[in-house]
Protein chains: 4
Amino acid sequence: MLNRVVLIGRLTQDPELRYTNSGTAVASFGLAVDRPRPNQAGERETDFINIVVWQKQAELCAQYLHKGRLAAVDGRLQIRTYENREGQKVRVAEVVAETVRFLDRGDQSASAGPTAPAARPAPAAAPESRRAPAPRFEDDPFADDSQMIDISDDDLPF
Amino acid sequence: MLNRVVLIGRLTQDPELRYTNSGTAVASFGLAVDRPRPNQAGERETDFINIVVWQKQAELCAQYLHKGRLAAVDGRLQIRTYENREGQKVRVAEVVAETVRFLDRGDQSASAGPTAPAARPAPAAAPESRRAPAPRFEDDPFADDSQMIDISDDDLPF
Amino acid sequence: MLNRVVLIGRLTQDPELRYTNSGTAVASFGLAVDRPRPNQAGERETDFINIVVWQKQAELCAQYLHKGRLAAVDGRLQIRTYENREGQKVRVAEVVAETVRFLDRGDQSASAGPTAPAARPAPAAAPESRRAPAPRFEDDPFADDSQMIDISDDDLPF
Amino acid sequence: MLNRVVLIGRLTQDPELRYTNSGTAVASFGLAVDRPRPNQAGERETDFINIVVWQKQAELCAQYLHKGRLAAVDGRLQIRTYENREGQKVRVAEVVAETVRFLDRGDQSASAGPTAPAARPAPAAAPESRRAPAPRFEDDPFADDSQMIDISDDDLPF
DNA sequence: TTTT
DNA sequence: TTTT
């Protein structure tokens, strides 16, 4: 009915850019979001949250965001269920970003979100040269639990 | 740095009320949050999200909320990590509610959140009679993955 | 950079539906959002907040929402500046809704927001018969301060 | 019922720090929040939004935030009504911050919000030396419309 | 201008 | 009243 998430944190890794079968861009990265531990002055707790971004935003994130950078994410919490290789159902939480803002420097470089012009490029336009190096699943920090290995177009959130 | 979640959905079960060792109330329940599946008119997708509430709110939820009821949750996304019986690290996502509003009827009965008077009762005040029936872990729908079985006071988010 | 507002409250009036010169639908209504007055048990304070909705959402609001109904608004806070008849600059705050959910009954009737199919009808499609009764400015509760009398297409938030 | 606002923007002025009669700190400042103007590539629109912060947060903002700095505000939208010198009712919108995060540099210096230890100092503890220079109403950028000149303790949001 |  |  209503599902809104806003986060500010630092990337735990460089965004991983991939493409669906029909050529739509998807990027994913981890975000470290910390908060004070109340009643334990000075101590902080950190949540490591998986972020997924689609389309033009995905490509902008892959281009401009890097490990350690500060970013704001405005999106929706999604619980995805899949079966792992042992046949068990696993639930993964991730925030599907509607907008990602780059906060560290050159804030103007931040991408514009879903209402921006050209936010929906022809999906098939993903150049072959770009798709080649993308799915390096071996070192994909999400691969294990987020199972994005075979991103179906059914997963498109738009 | 900043972590804000707002959800509206329906309870997938009655809230489960428990108490920490020092007597602080904690309630947990599932929330079904649906959304339209774009480009597939009429179809809807549902996210099942675990909610955790503390203190007076917990007791109000246990008292007034039930399976199927509509509720609004304002809180924070938390990724909790624990080791399961096979020694594997498991990550669970849950929304720690700051405020829960009851939306179905008698909206006035909704609890008031952290700024309300009396929001922080003496934890030890949890009556023995109340604590007795609480930890029915066998049929706790969260027990398996949220591992709240032994709620330590270190988990208190306040 | 980031501007997100989520409100739940009751309509203080029936939505007022109008059309821009190019035929885009706009609806506006007041929302009474109350909260507990802390340290004054039982007392509540109310904020009266102006909501603006565009396009298909506007028409759904005009059709299904009425004075007194409970609604959730997810949108953006906008401060609009205009000159009044005395030539003074006046600032009006309003929340431009991205999504409006109807919470009282038939929650399924709620509109789907910007990602829904058919969310962007050809603006010129606004039938003449519909436009006729719309701009009853005499009894428009917002007319005075929000100056929507002559809604220019420059105000379109999309 | 529910009222949540999250903003990221730049201060349009240094925070103005004052104290209520009973010694509670209040700071106010303007925040410039911009967004892309869709369909007008490259152009941006800016909302100038008044922020109010209380207690320890107020003092931290006054100390660390300055004109031009980037900040994130998590709070609640409040519409305050007062009578101006001509006896007309005026409505002012402001966001009452629950948390303010400093985003430009030294993010660790950011204050912790309402759950932080020592967030609620004895109000009377405001040192006389501090209160002296505070209410410079002549050059208060908000004085005119926000009428904070005589902050009553009735305005305390806690 | 004000909703339950 | 306006920030980069």
Side-chain angles (χ1 to χ4, degrees), chain A residues 101-110, chain B residues 101-110, chain C residues 1-3 7-16 28-35 44-51 65-73 79 81 88-92 94 103-105 137-146 148, chain D residues 1-3 7-16 28-35 44-51 65-73 79 81 88-92 94 103-105 137-146 148:
Chain A
R101 312 291 326 194
F102 312 156
L103 297 173
D104 266 337
R105 58 178 146 277
D107 308 295
Q108 232 58 288
S109 61
Chain B
R101 311 291 327 194
F102 312 157
L103 296 173
D104 266 336
R105 56 177 147 280
D107 309 295
Q108 233 57 293
S109 63
Chain C
M1 314 260 332
L2 185 127
N3 183 335
L7 303 171
I8 298 181
R10 292 192 178 278
L11 291 239
T12 62
Q13 83 224 194
D14 287 356
E16 177 85 7
S28 48
F29 54 86
L31 198 71
V33 181
D34 68 352
R35 55 188 151 97
R44 299 185 75 77
E45 202 107 311
T46 305
D47 290 295
F48 296 97
I49 301 174
N50 293 166
I51 310 295
L65 275 184
H66 295 289
K67 182 177 178 174
R69 295 266 333 245
L70 192 68
V73 168
I79 309 292
T81 308
Q88 304 169 292
K89 278 201 172 171
V90 184
R91 307 171 80 228
V92 222
E94 54 210 6
L103 297 173
D104 267 337
R105 58 178 145 279
F137 305 126
E138 318 77 87
D139 48 29
D140 173 13
F142 281 29
D144 210 70
D145 58 355
S146 76
M148 282 227 239
Chain D
M1 312 259 334
L2 186 129
N3 184 335
L7 304 171
I8 297 180
R10 293 192 176 277
L11 292 240
T12 62
Q13 82 225 198
D14 286 356
E16 177 84 8
S28 49
F29 55 86
L31 198 71
V33 181
D34 67 354
R35 55 191 151 95
R44 301 184 76 76
E45 201 107 311
T46 304
D47 290 295
F48 296 97
I49 300 174
N50 293 166
I51 311 294
L65 276 185
H66 295 287
K67 183 177 178 175
R69 293 266 333 245
L70 192 69
V73 169
I79 309 292
T81 309
Q88 303 168 293
K89 278 202 173 169
V90 184
R91 306 172 81 227
V92 221
E94 54 210 6
L103 297 173
D104 267 337
R105 58 176 145 280
F137 304 128
E138 317 77 88
D139 47 29
D140 173 13
F142 280 28
D144 210 68
D145 58 354
S146 76
M148 283 228 238

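Per chain, numbering begins at 1; letters A, B, ... match sequence-line order. What's counted below: heavy atoms across the whole structure, side chains too, no hydrogens, waters or symmetry copies. Fair warning: this is a prediction, and the values are worked out from it, not measured in the lab.
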#### Entry: Atom-to-atom span, CG of C:Asn3 to P of F:dT3 - whole angstrom
18 Å
### Message
I need the CZ-P distance between C:Arg44 and E:dT4, as an integer number of Å.
### Response
15 Å
### Query
Only one of D:Leu103, D:Leu31, D:Leu65, D:Leu11 forms a side chain to side chain contact (heavy atoms under 4.5 Å, CB included) with D:Leu70, so which one is it?
D:Leu103
### Message
Side chain of D:Asn50, heavy atoms from C-beta onward: which of E:dT1, F:dT1, E:dT3 has the nearest atom to it?
### Response
F:dT1
### Query
Could you state the CG-P distance from D:Asp14 to F:dT1, rounded to the nearest angstrom?
19 Å
### Candidates E:dT3, E:dT1, F:dT2 - which lies nearest the side chain of C:Arg10
E:dT3
### Task
May I ask you to decide whether D:Asp47 forms a salt bridge with D:Arg35, counting only side-chain N to carboxylate O separations under 4.0 Å?
yes
### Query
Quick one: D:Asp34 CG to F:dT3 P, roughly how many Å, whole number?
12 Å
### Query
How close or far is atom P of E:dT3 from atom CG of C:Leu70, stated in whole angstroms?
15 Å
### Separation of atom CG in D:Leu31 from atom P in F:dT1, rounded to whole Å
17 Å
### Query
If you check the C:Ala32 side chain, which of E:dT1, F:dT2, E:dT3 turns out closest?
E:dT3
#### Entry: Side-chain donor/acceptor of C:Arg10 to backbone N/O of C:Gly68, under 3.5 Å
yes
### Task
Starting from C1' on F:dT3, measure out to CZ on D:Phe48 and report it in whole angstrom.
7 Å
### Query
What nucleotide, of E:dT1, F:dT1, F:dT4, holds the atom closest to the side chain of D:Lys89?
E:dT1
### Query
Looking for any heavy atom pair under 4.0 Å, which part of the strands does C:Gly9 touch: base, sugar-phosphate only, or nothing?
nothing
### Query
Would C:Asp14 and C:Arg69 pass as an ion pair if we require N to O under 4.0 Å?
no
## Note on the structure
Here the distance between atom P of F:dT3 and atom CD1 of D:Ile49, to the nearest Å, is 15 Å
### Summary
Testing F:dT3, F:dT2, E:dT1 for proximity to the side chain of D:Arg91, the answer is E:dT1
## Note on the structure
Value for NZ (C:Lys67) from CZ (C:Phe29), rounded to nearest 0.5 Å, stands at 14.5 Å
